[in-house]
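Quick note: numbers below take in every heavy atom, side chains included, and nothing from hydrogens, waters or symmetry partners. Predicted, not measured: the structure shown is a model, and the values here were computed from it.
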Amino acid sequence: MVKVYAIALSLGVVLLIGWIFSVYLAGNVEAWSRISPEERFGRRGRQVVAGLVGFGMAGMSAEFSPRDLSWPVCLVLAVLGAAAAAWYSSWIDRPRTEPS
């Protein structure tokens with residue numbers, strides 16, 4: 001399972017770097033505003049990228065923990081890590097309310 005976590009983490013990190021780079025270019029180069037992943041993929045795309053990174057990080061952390069965890073436990077921890085990262089990536093984009 002370590003290979004699965006490593007592939008998910010690698011893919012997630014590459015997508016995350018690409019996301020950050022695309023947002024930067026779309027925000028600073030007017031002719032490239034069409035490549036903004038925030039507009040093309042929105043919240044769901046951000047959740048997928050964060051979920052991949054969370055799955056890979058949590059899975060690798062569980063696999064290499066000092067305790068000898070079985071692979072089903074590591075898989076559950078990896079899924080929980082993916083869910084937490086996906087939730088957080090959408091939570092930070094919640095609408096702000098002004099105090100009255």
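Atom CE of M60 sits in a crowded spot, with more than 12 heavy atoms from other residues, nucleotides or ligands closer than 6.0 Å. Enclosure of atom CH2 in W87 by more than 12 non-hydrogen atoms of other residues, nucleotides or ligands within 6.0 angstrom is indicated.
Among all heavy-atom pairs drawn from V49 and G12, the shortest one is CG1-O, 4.0 Å. Among all heavy-atom pairs drawn from G54 and A85, the shortest one is CA-CB, 3.9 Å. Considering all non-hydrogen atoms of both residues, G51 and A82 come closest at O-CB, 3.4 Å. Considering every non-hydrogen atom in both S22 and P37, the closest pair reads CB-CD, 3.6 Å.
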*Would Y24 and V29 satisfy side chain to side chain contact (heavy atoms under 4.5 Å, CB included), going step by step from the backbone distance to the final call?*
CA-CA 8 Å; Y24 172 77; V29 180; over 6 Å; no

*asked:* Under the criterion side chain to side chain contact (heavy atoms under 4.5 Å, CB included), I'd like the reasoning laid out for Y5 against L9: C-alpha separation, chi angles, the key distance, then a yes or no.
replied: CA-CA 6 Å; Y5 302 135; L9 180 60; over 6 Å; no

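In this view, Q47 and R44, S90 satisfy the side-chain hydrogen bond (donor to acceptor under 3.5 Å, both in side chains) rule, not counting sequence neighbours.
To the nearest 0.5 Å, atom CZ of residue R43 and atom CD1 of residue I92 are 11.5 Å apart. Interatomic distance, CD of E38 versus CH2 of W19, reported as 5.0 Å (0.5 Å rounding). With values rounded to the nearest 0.5 angstrom, W71 atom CH2 is found 6.5 Å from L75 atom CG. The distance from atom CZ of F64 to atom SG of C74, rounded to the nearest 0.5 Å, is 10.0 Å. To the nearest 0.5 angstrom, I20 atom CD1 is 11.0 Å from L15 atom CG. In this structure, CG on L16 lies 10.5 Å from CG on L52, to the nearest 0.5 angstrom.
A salt bridge between R34 and E39 is absent, with no side-chain N of the basic residue lying under 4.0 Å from a carboxylate O of the acidic one.
In the hydrophobic clustering of this structure, V4 groups with V79; members are Ile, Leu, Val, Met, Phe, Trp, Tyr whose side-chain heavy atoms approach within less than 4.5 Å, directly or through other members. Hydrophobic clustering keeps W32 apart from V23 (ILVMFWY residues linked when any side-chain heavy atoms are closer than 4.5 Å, directly or through intermediates).
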